[in-house]
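The analysis underlying the following values was restricted to heavy atoms, covering all of them including side chains, and did not include hydrogens, waters or symmetry mates.
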Amino acid sequence: MGYDPKEPLKDRITDIGPRDYKEFLPPVIKENWGKWLYHDILEPGVLVHVSETGAKVYTVRVGGCRLMSVTHIREICEIADKHCGGHLRFTTRNNVEFMVDDESKLKPLMEDLESREFAGGSKKFPKGGTGAGLTNIVHTQGWIHCHTPAIDASGIVKCVMDELYDDFQDMRFPAHVRISLACCLNMCGAVHCSDIAILGIHRMPPMLDHEHLGNMCEIPLAIAACPTGAIKPATVDGKKSVAVNNERCMFCGNCYTMCPSMPLADEEGSGVALLVGGKISNRITEPKFSKVVVPFIPNEPPRWPSTVEAIKKILYAYVEDAKKYERLGDWAQRIGWERFFEKTGLPFSGHLIDDYRFAYTTWRQSTQFKF
Amino acid sequence: MAKHKTPMLDELEKGKWPSFVSDIKQEAENRGKTSVDLQTPKEACDDLLGLLELTYKDKVVHWKHGGIVGVFGYGGGVIGRYCDQPDQFPAIRDFHTMRVNQPSSKFYSTEFLRQLCDLWERRGSGLTNMHGSTGDIILLGTTTPQLEEVFWEMTHNLHQDLGGSGSNLRTPSDCIGMARCEYACYDTMALCYNLTMEYQDELHRPAFPYKFKFKFDGCPNGCVASIARADMSFIGTWRDDIRIDQEAVKAYVGGEFKPNAGAHSGRDWGAFDIQKEVIGLCPTQCMEWDGKKLKIDNKECTRCMHCINVMPRALRIGQDTGASILFGAKAPILEGAQMSTLTVPFMKIEEPYDEIKDLIEKVWDYWSEEGKNRERLGEMIQRVGFQKFLEVCELEPDPRMIQEPRSNPYIFWKEGDVPGGWDRDINEFRKKHQR
């Protein structure tokens, strides 16, 4: 029994959707659905939620790589079977949560998690990611499996988290800090509202593979894809192709998404931009977009030292200077961006002044600035 | 012995954070010695490491542009991927991704995860993403002939379907909601599951101008970032009073309870100061503390969650709960990043969710008709105007929907707005006004 290539439609099942979440809930969660009264963070990475029934659920949150082998997932299952009655969950930020319904089960679970290391020496299950500290980085696919990236994803995340490891396991920040990475402007990761966003960008216009472009691409779609109208049809050596007005190119890569004969990525041209000060929550202040504060850092595999250094500068300037509850963007807004560049030591350049849509709204129309 | 030398990747085995390189290496080793009758190349993980090492050297990716592959009858859920150095890395010549629709809030039984692991070890690379950016389980890398095999086994044995990709409804996702959060204003998991099941056709068969995302946040803290990432964002809220336990407020003031549920305990911020940390930071200044009693002028509250986050044992969300519905968020490609715009200030969220479905279908009908190729809903709303969008939704304009009224007077009046319409006679006009 199984799939029969000779009869692909035989016994076919479609449109059944995901499994019903109710099948996967631990009993304590099911029994206290909607009855939770409050929670406490007992220590970094450990939470207790208390129900009106008096029931408690203890959660241990550990960081994970979003790239995960079945061997590793089986190990997670083994832990969940041993300590958590065969249930677990993942968070939206690539953390894994192990839940127990009794405080006495907490210590053996934490010791078990703490003891496990990869052959190379890194921790398999670092506890943390709660409260006013750093949680795990959400990221996109990068060089491991995408066709449009300007930078790697998993590698940069590993380098940044290695450096900020202690802050993942602490809660000493003024507010929580969300770092996100998207490996190109398509932003599958939608990093545009993060406290610190690591973004892959290009700086060179597309190359044109005239020999094949006419056959590989729908030329009108490639032309329509360009937000600045920089692409027009052209005939090159008798073949249908396109011409690009390089002056108008904003290096978004949208043409390459539509046409494989227009690659942009380049050893020198592609690299990292850093954006800061975004937030999602409505707490105290409204949600905000992240702003570009470092226009370009070259790709430096395998450890991306300049990127890591710039992130540390921004993060620690904020941590030292901000008031309690102030998110990174709220801090920058309060002290003023001129002060932000002074305190972080980042250079300001013309690249950081907006010249795209609605640019005017980001220039200063007042005399209220600081010397 | 590893198939390829990977000196640069080996640097990523150092440091304390979990190493994805170590994990891929352990999978490569296990594939080398397993007794499972692997249906995909044994050396897939080895070759992936080799290819990634080459990429680290070249600093330009080695995956080719797309490739149309899929399972019969679906237009999404599978993303084609081919290596541009197939001779050097034959085990990952074709290395397609499959998106699997995750359960609401990503709770799992180990039984299910093990079944999925067994399937993907045998018929894929053994590598996954737990989870992808949109929320799906991502199965990373298999060959073209295995796609139907995986789909067959997944639907028949695991009773589990694929997720969305391309110009369709993308796999919806939600926060933990009522499962384990006291702030949940509606049942995010139930609504997420219900709409996912209702719109299976839209999810599997791309018929939209571009992608469309639903995300469900249970409260204005926004843990799944719906306001930034979803074409249609559901954010839980309430319209009655915050519930106050005055004794518990005193316990916070007296230092008996840890403020912020202990979220700031890594630094000595001094004794908790309710005046400074709660009353003073309230964005609408609608709170008062006289040393004995906390008062909230609930009518002026904008439900930012700060006071509740600081004192979760003393303050609770109201009881007349529901959700605000916002439309149009997207990442910057192309016209710039957008956050969702408040369109329905409040809606009760109750099964069978007919009011929600009615709204969804009105929006989809219009967008399918009027949207340009690869135009996200938010971009279309900018192009046609928010007033037009309200007409489409059959909603009355409300000052809650805007930051401020327009500052330009260029109102696009309609003929019906003026008594008597626009028909005039120039000759009648000239009788009173000489040329």
Top residue by heavy-atom pair count (under 4.5 Å) with chain B, among A:G155, A:C77, A:G120, A:A132?
A:C77
Measure centre to centre between the rings of A:F173 and B:H264, then say whether the value is under 6.0 Å.
no
Taking A:R12 for the side chain and B:F72 for the main chain, is one N or O donor matched with an acceptor at less than 3.5 Å?
yes
Taking the ring of B:Y56 and the ring of A:W143, is the distance between their centroids below 6.0 Å?
yes
One pair to check against side chain to side chain contact (heavy atoms under 4.5 Å, CB included): B:S133 and A:R66. What are the steps and the verdict?
CA-CA 10 Å; B:S133 300; A:R66 86 167 207 170; 3.4 Å; yes
Any idea which heavy atoms bring A:L221 and B:N373 closest together, and the distance?
CD2-ND2, 3.4 Å
By ring pair (Phe, Tyr, Trp, His ring centres under 6.0 Å) - contacts of B:H156 (at least two apart)
B:W152
Is it the case that the side chains of B:E153 and A:Y3 hold a donor-acceptor pair, with the cut-off being a distance below 3.5 Å and no angle test?
no
Judged by atom type as modelled, is there a donor-acceptor pair below 3.5 Å linking the side chain of B:N101 to the main-chain atoms of A:G17?
no
May I ask you to check whether B:Q26 and A:T71 show a side-chain donor-acceptor distance below 3.5 Å?
no
What distance do B:L116 atom CG and A:I73 atom CD1 have between them, rounded to the nearest 0.5 Å?
7.0 Å
Distance col, row A:L88:CG vs B:L113:CG, nearest 0.5 angstrom, shows 5.5 Å
So how far is it from B:R180 CZ to A:T59 OG1, rounded to the nearest 0.5 Å?
3.5 Å
Which one wins on heavy-atom pair count under 4.5 Å against chain B: A:T14, A:N32, A:T140?
A:T14
Is a side-chain donor or acceptor of B:K258 paired with a backbone partner of A:I41 at a separation under 3.5 angstrom?
yes
With chain A, which of B:M178, B:E149, B:E13, B:H204 has the greatest number of heavy-atom pairs at distances under 4.5 Å?
B:M178
Which portion of A:E117 sits near chain B, non-hydrogen atoms under 4.5 angstrom
neither
Find the one option among A:A80, A:P126, A:P5, A:G85 whose heavy-atom pairs under 4.5 Å with chain B are most numerous.
A:P126
Does a side-chain heavy-atom distance below 4.5 Å link B:L281 with A:R283?
no
Is a side-chain donor or acceptor of B:D161 paired with a backbone partner of A:I16 at a separation under 3.5 angstrom?
yes
Under a 4.5 Å cutoff for heavy-atom pairs, which residue among A:C259, A:C146, A:P26, A:P227 has the most contacts with chain B?
A:C146
Contact leader toward chain B among A:D11, A:T285, A:T148, where contacts are heavy-atom pairs under 4.5 Å
A:D11
Closer than 4.0 angstrom, basic N to acidic O: yes or no for B:E11 and A:K158?
no
So, are A:R74 and B:D118 salt-bridged, with charged N and O less than 4.0 Å apart?
yes
For the side chain of B:R81 and the backbone of A:H145, is there at least one donor-acceptor N/O pair under 3.5 Å apart?
yes
Name the member of A:G253, A:G271, A:P149, A:G121 that forms the most heavy-atom pairs with chain B at distances under 4.5 Å.
A:P149
Interface moiety of A:R357 toward chain B, non-hydrogen atoms closer than 4.5 Å:
side chain
Of the backbone (N, CA, C, O) and the side chain (C-beta and beyond), which part of A:H176 lies under 4.5 Å from a heavy atom of chain B, both, or neither?
neither
Over 60° means perpendicular and under 30° means parallel, so classify the ring planes of A:F24 and B:F112, tilted if in between.
tilted
Any side-chain donor-acceptor pair under 3.5 Å between B:R303 and A:N282?
no
Kindly write out the residues that satisfy side-chain contact (heavy atoms from CB on, under 4.5 Å) with A:M216, not counting sequence neighbours, or none if the list is empty.
A:H212, A:P260, A:S261
Proximity breakdown for A:S154 and chain B, heavy-atom pairs closer than 4.5 Å:
both
Where A:K324 and B:E277 come nearest, the two heavy atoms and their spacing:
NZ-OE1, 2.9 Å
Looking at B:D23 and A:S69, would you say the former's side chain and the latter's main chain have a donor-acceptor pair under 3.5 Å?
yes
How many angstroms lie between CH2 in B:W63 and CD in A:Q141, if you round to the nearest 0.5 Å?
10.0 Å
Verdict with supporting geometry, A:Y325 and B:K276, side chain to side chain contact (heavy atoms under 4.5 Å, CB included)
CA-CA 11 Å; A:Y325 302 114; B:K276 189 172 142 203; over 6 Å; no
Are any side-chain N or O atoms of A:R89 and backbone N or O atoms of B:F107, one a donor and one an acceptor, separated by less than 3.5 Å?
no
Would you please test A:C159 and B:L12 for side chain to side chain contact (heavy atoms under 4.5 Å, CB included) and show each step?
CA-CA 7 Å; A:C159 299; B:L12 292 175; 3.7 Å; yes
Side-chain touch B:I24/A:L67, heavy atoms, less than 4.5 angstrom:
yes
Can you tell which part of A:Y165 gets under 4.5 Å to a heavy atom of chain B, answering side chain, backbone, both or neither?
side chain
Checking heavy atoms, do the side chain of A:A225, its backbone, both or neither come under 4.5 Å from chain B?
backbone
Within the distance-only criterion (no hydrogens, no angle test), does the side chain of B:W17 pair as donor or acceptor with the backbone N or O of A:V157 below 3.5 angstrom?
no
Is there a side-chain contact between B:H159 and A:I13 (heavy atoms, below 4.5 Å)?
no
Could you tell me the separation between the CD atom of A:E163 and the NZ atom of B:K16, rounded to the nearest 0.5 Å?
11.0 Å
Does B:Q102 offer a backbone N or O that forms a donor-acceptor pair with the side chain of A:R19 under 3.5 Å?
no
Could you tell me whether B:E111 atom CD has more than 12 heavy atoms of other residues or ligands within 6.0 Å of it?
no
Side-chain donor or acceptor of B:T110 paired with backbone N/O of A:H87 under 3.5 Å:
no
Check this for me, if you would: do B:K59 and A:E300 make a salt bridge, where the nitrogen-to-carboxylate-oxygen distance has to be below 4.0 angstrom?
no
At a heavy-atom separation under 4.5 Å, does B:V100 approach chain A through its side chain, its backbone, both, or neither?
neither
Honestly, the part of A:H39 sitting under 4.5 Å from a heavy atom of chain B is both
Can you measure from OG1 (B:T302) to CD (A:E286) and round to the nearest 0.5 angstrom?
8.5 Å
